[in-house]
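Residue numbers begin at 1 in each chain, while the letters A, B, ... track the order of the sequences. This one's a predicted model, so the numbers in the text were calculated from it and none came from an experiment.
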Amino acid sequence: MNRFFTIALAGNANVGKSVIFNQLTGGNQITGNWPGKTVEKAEGFIEQEGIKIRIVDLPGIYSLSTYSEEEIIAREFIAKEKPDLVIDVIDASNLERNLFFLLQLVELEVPVVVALNQYDIVEEQGIEIDDKKLSAFLGLPVVKTIATRNKGLTELFETVKDALLKEEKLTGHILYGKEVEDRIRKMVREIQHEINSIYPARFIAIKLLEKDPAMVSEISSPEILSLAETLSKELEEIHGESVESVIISERYAVASRIAEGVSIRKKEGRVNISDRLDRIFLHRVWGNVILAFLVLFVFFFVFRFGEFFSEKIGELSKIIEPYFVRLPLPPYLRDIIFKGGIEGAISGIAIVLPYIAPFYFILSILEDSGFLARIAFLTDNLMHKLGVHGKAFIPLFESFGCNVPAIMGTRVMERDRDRFIASVLATLVPCSARTVVILGLVAVFLGPLYALLIYAIDFSIIYLVGVLLNKYMKGTPSGLIMEMPRLRKPVLRIILRQTWIRLKEFFTFAMPIIICANIVMELLILTNSIEPLSGFLNPLARFMGLPPLATVALIFGVFRKELTLIMLATFLGTTNFALMLSPQQIFIFGLVSVIYIPCVATIAALVRELGRFKAFLITIGEVVGAFILGGLVNLILTLF
Amino acid sequence: MENAEIRVALSDVSEGGKVKVVGFSNVGAGFTRRLQEMGVLPGETVNIVRNASYGPVEIRVKGSNLLIGRGIARKVIVEVIDE
C-alpha cells in the first residue's frame with residue numbers, strides 16, 4: 001500500500017501550529033510567542049508505513065473572511081486545494097475564540113481533527129476540559145497536546161492517520177439559532193441547484209448573508225444575490241444590528257455554549273504571573289526603562305562575546321598557514337585555495353559567527369517568551385509617527401536578525417501603504433550582518449561609544465524616513481488590533497533549535513557566498529585587476545575620504561554585508577583594520593556599510609513583495625543616500 | 001448602576017474599568033469586522049486592563065487580552081458598568 005495525502009495545520013494566530021509542524025516534520029519553521037510569524041505556508045513531509053503525508057503549515061487566522069492576506073492564503077488553500085484533512089490547532093486556554101474559527105472551518109466541510117494545544121496552561125488555570133464531550137459536541141476527534149513539551153503529538157499523528165485511512169467523513173455539523181438557520185437553509189436550497197463552486201453551499205450561503213465582498217463578487221446569479229439581500233435585511237430588522245454582527249454573535253453564542261459545556265473548574269487557578277509581570281513591563285515609566293536597559297545589555301553582551309571569540313577563532317588561520325605553505329602546489333593555486341578559500345571560510349566564521357550566534361540566541365528568547373509583543377505595546381506610539389502601527393514593530397525587530405523575513409513579515413499589515421513604509425524601514429534596520437560590521441569594526445577599533453553613535457545615526461535616519469513617508473504618502477496609518485500573547489518561561493530546547501535554524505542559514509546560504517567572493521577577490525588580485533577597478537571607483541572613494549580598495553570591498557558587500565569586512569581582511573591579510581584605515585575612515589566605512597543598499601537577498605525579497613519598481617526605488621535611494629551621507633560626514637570630520 | 005446610561009469611547013475608560021460594548025462609529029468595515037471576530041461585539045462585557053493617555057488600550061475580552069490602537073479605541077462606543 002502506498003498512499004499520498006495532504007493535510008494542513010490551521011487555527012488562530014499563536015496557538016502553536018508551527019511548533020507542531022516542526023515536531024511532526026522535523027521542519028525548520030521559525031516559531032515564537034507572538035501572532036503573525038507564519039505569513040506564508042510552509043510544507044513538510046512525513047513518510048511512515050507506506051503512507052506519505054504532505055503537511056502544510058498555514059498562517060494563523062481568526063476567521064475565513066477576507067480581511068488580510070494571510071486569511072486569504074489560508075481560506076483559498078483549504079477551499080481550492082482541498083486537503084485530505086485539516087488539523088485545527090486550538091489554544092485550550094482560549095477556547096471560545098478558537099472555537100469561533102473552528103465553526104467556520106466546519107462550514108468549509110473539510111475533515112477536521114482538533115488538537116487541543118497548550119493544555120498545560122489550562123491546567124495551571126485550574127480548569128479541566130472534557131475532550132470526549134468536546135469531541136461529541138463537534139462530531140470530530142479531539143486530542144490534547146502540549147506541543148512545546150512534545151506531549152500528545154504521537155497520539156495526534158495516530159488519530160490523523162486513522163482518520164485518513166478510514167475515509168469516513170469527519171465533517172462536523174453545527175446549527176445556529178432558528179432565525180439564522182432557517183435563512184441559511186433557504187439559501188442553501190437555491191444555491192444547490194444554481195451554483196457550481198469550489199465552496200460548499202452552506203459556506204456560500206453564510207458568506208453571502210454576511211455580505212462577504214469576495215463571495216458576493218464570485219457569485220454571478222442575480223436571483224441568489226437578491227435573495228441573500230432580502231434575507232440579510234430581515235435578519236437586520238429582527239436583531240436591530242448589522243447582519244455581520246448578527247452572524248458573528250450567533251457563532252460566538254454557539255462557541256461559548258460549547259466552551260462552557262466542556263470546561264470544568266477544578267480549583268482556584270494560580271495567580272496569572274503574566275499579568276503581574278505586565279504591570280512592570282508595560283508600565284509607562286518602568287516599561288521603557290527596562291526596555292532601554294535590555295537594549296544596552298544586548299548590545300554589550302553581543303559585542304563582548306563576539307570580540308572575545310572572534311579573536312580566538314581568528315588565530316586559527318595563523319596556526320594552519322605554515323602547514324599549508326609547505327604543500328607542494330604551484331604558488332598561484334596555493335593562493336587561491338588557501339588565501340581565497342580557506343582563509344575566506346575562516347574569516348567568515350571568525351568575523352561573523354561570534355556576533356550572530358549570541359544575537360540569535362537572545363532574539364529567540366525574546367520571541368519565545370512573548371516579550372516582543374510587549375515591545376510592540378511600548379513602541380506603538382513611536383511607530384505611529386513613522387506611519388505604521390505597533391504590529392509593524394515585530395517585523396522591524398525581526399529585521400535585526402535578517403531583513404528578508406522581516407520584509408515578508410510585513411504581510412501582517414493590512415494595507416499596501418503600511419507594507420511599503422514598513423518594508424523601507426526594515427531595509428534600514430541593521431541586520432545581523434551589519435551588526436557584525438558595526439561591532440567587529442567600529443566597536444573593536446574605535447570603542448563601543450562610536451558603535452552606539454552609528455546606531456544612533458541609523459535610527460535617526462529610520463525615524464526621519466518614516467516620518468517623511470508617513471507625511472507624504474496618501475492615507476493615514478491604520479490601527480492596531482492584536483492579541484496579546486501570555487508571557488511564558490522560554491523553553492531552552494526550542495530556543496536552541498530556533499538559534500540553530502538561523503545559524504544553519506548562515507552556513508548553508510551565507511558561507512558559500514563568502515567563500516566564493518573571497519576566491520573571486522583573490523583571482524582579481526592575482527590577475528592584477530584590482531588596480532583598474534579601484535581606479536574607476538577612485539572619485540567615489542575620494543568623495544568619502546576612503547582608500548580606493550575600501551570601495552571595492554563595499555561593492556562586494558552587495559552580496560552579503562559581512563563581506564565588506566571580510567574583503568578588507570583579505571586585502572590586508574590581517575583583521576587588524578587599523579593598519580589600513582584611519583579612525584575617521586573606519587567610522588565612515590562602517591556607517592556607509594550599514595546604510596547603503598540592502599544585500600541581493602533583500603532586494604530579491606523587495607521585488608517579490610513590492611514589485612520591481614518599488615524595489616528599484618528603494619535600492620537606488622539607499623545607495624545614493626548612503627554615499628552622500630558618507631561624503632557629508634567626511635566633509636564635516638575633515639573640516640573640524 | 002447609575003452610570004449605565006453613559007456612553008463613552010473605549011479610549012476614555014480608565015484602567016480597571018468594566019464596560020459593555022454598544023457599537024462602532026465610523027471605524028471602517030474591515031476593522032469593525034475584525035473587532036467583532038475577536039469578540040468585541042455589541043452587548044459584550046469588556047475589562048480595561050491597561051490604558052495610559054497614549055499608546056494602545058489593552059482589554060480583556062472572551063478570556064484573552066487584546067491590544068487595540070488608540071485610533072480605533074476612540075471609535076468603539078461603550079457603556080460604563082463599573083469604573
Side-chain angles (χ1 to χ4, degrees), chain A residues 12 62-63 65-68 91 93-98 100-101 104 125 210-213 239-242 244-245 247-249 251-252 255-256 259 274-275 278-279 282-284 287 373 376-384 389-391 414-415 476-486, chain B residues 7 9-12 14-18 20-79:
Chain A
N12 284 181
Y62 292 98
S63 84
S65 63
T66 37
Y67 174 73
S68 67
D91 172 1
S93 67
N94 195 352
L95 209 50
E96 208 177 324
R97 179 168 305 148
N98 282 266
F100 177 82
F101 173 74
Q104 298 176 66
Q125 292 170 343
E210 278 182 295
K211 300 178 182 163
D212 181 271
H239 291 266
E241 268 160 20
S242 77
E244 195 178 77
S245 302
I247 293 196
I248 295 175
S249 305
R251 267 201 200 106
Y252 259 119
S256 90
S274 175
D275 280 353
D278 272 348
R279 268 178 231 159
L282 300 180
H283 191 272
R284 64 192 84 170
F377 176 92
L378 291 170
T379 52
D380 184 63
N381 244 25
L382 181 68
M383 290 294 136
H384 259 279
H389 57 66
K391 226 162 137 188
E414 290 84 19
R415 300 186 318 188
T476 48
S478 68
L480 169 80
I481 304 175
M482 185 179 103
E483 206 171 340
M484 191 73 155
R486 241 177 257 101
Chain B
R7 291 186 172 188
L10 180 63
S11 56
D12 295 333
S14 46
E15 232 166 83
K18 195 174 174 187
K20 199 170 90 181
V21 179
V22 176
F24 311 94
S25 75
N26 238 343
V27 197
F31 287 125
T32 316
R33 174 155 196 109
R34 174 46 49 102
L35 282 169
Q36 298 190 82
E37 284 170 350
M38 303 290 267
V40 186
L41 284 157
E44 186 73 27
T45 307
V46 168
N47 293 298
I48 285 75
V49 180
R50 224 171 301 282
N51 186 7
S53 46
Y54 60 91
V57 180
E58 187 177 344
I59 61 168
R60 192 162 180 82
V61 60
K62 299 233 180 253
S64 71
N65 292 19
L66 210 63
L67 288 186
I68 299 180
R70 187 149 293 270
I72 297 181
R74 278 197 200 104
K75 294 170 180 166
V76 179
I77 311 300
V78 297
E79 255 170 32

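Two residues are said to be in side-chain contact when any heavy atoms from C-beta on lie closer than 4.5 Å; B/Arg50 and A/Phe377 meet this criterion. A 4.5 Å side-chain heavy-atom check between B/Glu44 and A/Tyr252 finds every atom pair outside the cut-off.
The two residues A/Ile481 and B/Arg34 have their closest heavy-atom pair at CD1-CG, 3.8 Å. When all heavy atoms of A/Ile248 and B/Gln36 are compared, the pair lying nearest together is CG2-O, 3.5 Å. Residue A/Arg97 comes nearest to B/Met38 through the heavy atom pair NH2-O, 2.6 Å, listed as atom of the first residue, atom of the second, then distance.
In terms of the ring-ring contact (aromatic ring centres under 6.0 Å, His included) criterion, B/Phe24 has no residue partners (sequence neighbours excluded).
Taking CE of A/Met484 as the start and CD1 of B/Ile59 as the end, the distance is 12.5 Å to the nearest 0.5 Å. Separation of atoms CG (A/Asp380) and CD1 (B/Ile68) is listed at 12.0 Å; rounding is to 0.5 Å.
In this structure, no portion of A/Asn12 lies under 4.5 Å from any heavy atom of chain B. Residue contact with chain A, scored on non-hydrogen atoms closer than 4.5 Å, involves the side chain of B/Leu41 exclusively. Looking at B/Val49, there are no atoms closer than 4.5 Å to chain A (heavy atoms on both sides), in backbone or side chain.
For the options B/Pro56, B/Gly39, B/Gly55, B/Gly43, heavy-atom pairs under 4.5 Å to chain A are most numerous at B/Pro56. Between chain B and the options A/Arg279, A/Glu244, A/Glu96, heavy-atom pairs under 4.5 Å are most frequent for A/Glu244. Contact count versus chain A (heavy atoms, under 4.5 Å) is highest, among B/Ala73, B/Gly71, B/Ala52, for B/Ala52.
Judged by distance alone, the side chain of A/Arg486 and the main-chain N or O of B/Ser64 form no donor-acceptor pair under 3.5 Å.
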